[in-house]
Amino acid sequence: MAFTQFDRVPNHYAGALIQRIKDFRLEEGKRSLAPTRLPIGRLEILIPRHFGFCFGVERAIHMAFSALEEHPDRRIHLVSQIIHNPLVNRDLQERGIRFLFDEEGQRQIGDGQVGGEDVVLIPAFGTTLEIEESLQRSGIDTRAAHFREHYDTTCPFVSKVWDRGEQLGREGYTIIIHGKFGHEETQATHSHTRQHTRTLVVRDREEALALAAFILGEQNLEEFSAQFAQKWSAGFDPRRDLERVAVVNQTTMLAEETQEVAGILHQAMRQRYGEERLEHHFADTNDTLCYATNWNQNATKALLEARPDLALIVGGYNSSNTSHLVEICSQQMPSYLIENSGELLSFQRLAHFDIHRKERVFSEDWLPEKLPSRIAVTSGASCPDVLMNQVVEKLAGFYGYGEGEIRAGLEQLSLVE
Ligand code: SF4
């Protein structure tokens with residue numbers, strides 16, 4: 001998908017090789033989810049149908065660079081990282097943008113150091129109402145139409161979740177948010193939704209099962225509270241507030257897992273209240289899932305069918321959607337989350353991020369020595385194409401292939417059917 005209206009996205013985020021592959025997909029196999037095959041000598045690189053920048057990310061970057069261009073004389077702040085990619089955030093910081101909060105939510109620049117003359121940008125995953133209020137105290141009118149149009153980069157798919165949460169809250173449903181409690185987007189969704197109703201955050205299938213057990217009277221209040229009290233809104237009473245529920249998600253969660261969480265709660269409500277008034281107790285919210293997350297996850301699953309030997313997934317270590325692509329690939333093959341081509345240390349040694357241990361680790365002998373071999377390369381929704389481009393080139397170089405072989409390969413692109 002090309003987002004040509006976002007013309008302020010810097011050219012240096014693009015990559016010629018990746019662009020050629022995108023153009024090929026526009027000409028051919030547009031509708032097919034089959035990956036693209038790039039032969040480089042006897043090495044096969046497989047690129048999924050969908051990867052990289054989504055609409056919301058392109059839009060946010062476009063807005064940030066537009067603000068820089070239009071206000072060279074004003075101080076520009078971002079509430080926090082605009083998206084979860086270190087290259088993009090560093091780029092903005094080097095151009096003078098300062099972050100008000102760090103990744104842990106710690107305030108870096110005090111209220112008093114932000115004034116009404118400053119430009120403040122809200123990141124793509126949105127922000128909490130509490131942070132908006134603090135900006136208003138500093139003289140930033142976050143409710144003004146001009147602010148919303150030019151400086152609030154919250155993805156429309158995220159605000160759609162908030163709107164749906166508000167609507168369902170007004171109808172009397174408690175909102176269950178499937179998300180990672182500390183993630184900026186989940187914090188923002190929790191903050192917006194709890195203005196209208198009771199809310200509770202569940203992280204995964206296991207927590208959904210615990211919630212279902214409580215609804216069915218199989219878990220006592222004390223145990224339930226010990227597990228969830230930190231993750232529900234003020235005044236939440238599990239005995240009263242779990243009679244009518246609706247599930248929305250942090251848009252970058254595994255779509256399948258959100259559906260599983262909703263399915264578990266749907267079933268619990270059916271068991272508890274019966275079929276007849278099921279709709280009264282459980283609201284259908286399938287329409288809030290983000291298209292880009294779905295596309296990238298489905299394209300990654302299609303990649304598995306081509307049975308690559310290993311997968312490299314390029315993206316920020318803190319990028320939720322990228323880590324879910326790693327989870328999908330890991331079901332079938334060795335899969336490594338890398339930030340950029342600098343992590344391909346040598347043919348024998350790779351630095352990468354372990355999504356379970358949450359730390360950077362090293363793997364030895366990670367590449368197949370013998371050719372032919374198939375290597376899948378993809379990237380998360382916040383990753384500039386240039387980083388993926390550099391990874392493919394460096395990989396080719398490890399096998400002794402250079403520009404000539406890559407150019408020849410780009411002439412022979414095909415779909416893996
Ligand atoms: S992943 Fe979806 S919700 Fe998140 S920024 Fe991209 S388009 Fe928006």
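Whatever order the structure lists them in is the order used to number ligands and atoms, beginning at 1.
Looking at Cys290, Gly126, Gly56, Ala60 and measuring to atom 1 (S) of ligand 1, the nearest heavy atom belongs to Cys290. The option from Asn296, Thr293, Thr251 that lies nearest to atom 4 (Fe) of ligand 1, judged by heavy atoms, is Thr251.
Listed by number with element, the atoms of ligand 1 under 4.0 angstrom from any heavy atom of Cys54 are 1 (S), 5 (S), 6 (Fe), 7 (S). Every atom of ligand 1 with a heavy atom of Cys155 under 4.0 Å away is listed here by number and element: 3 (S), 5 (S), 7 (S), 8 (Fe). The contact set between ligand 1 and Phe157, taken as ligand atoms under 4.0 Å from a residue heavy atom, comprises 3 (S), 7 (S).
Nearest heavy atom pair, residue Ala210 against residue Gln219, reads O-OE1, 3.4 Å.
Judged by a 6.0 Å distance limit and a 45° cone about the ring axis, Arg244 is not positioned over the six-membered ring of Phe282.
Looking at Arg357, its side chain never comes within 3.5 Å of a backbone N or O of Glu359 through a donor-acceptor pair.
Using a cutoff of 4.0 Å between basic side-chain nitrogens and carboxylate oxygens, Glu70 and Arg8 are scored as salt-bridged. Salt-bridge annotation for Lys231 and Glu207: present, with a side-chain N of the basic residue lying under 4.0 Å from a carboxylate O of the acidic one.
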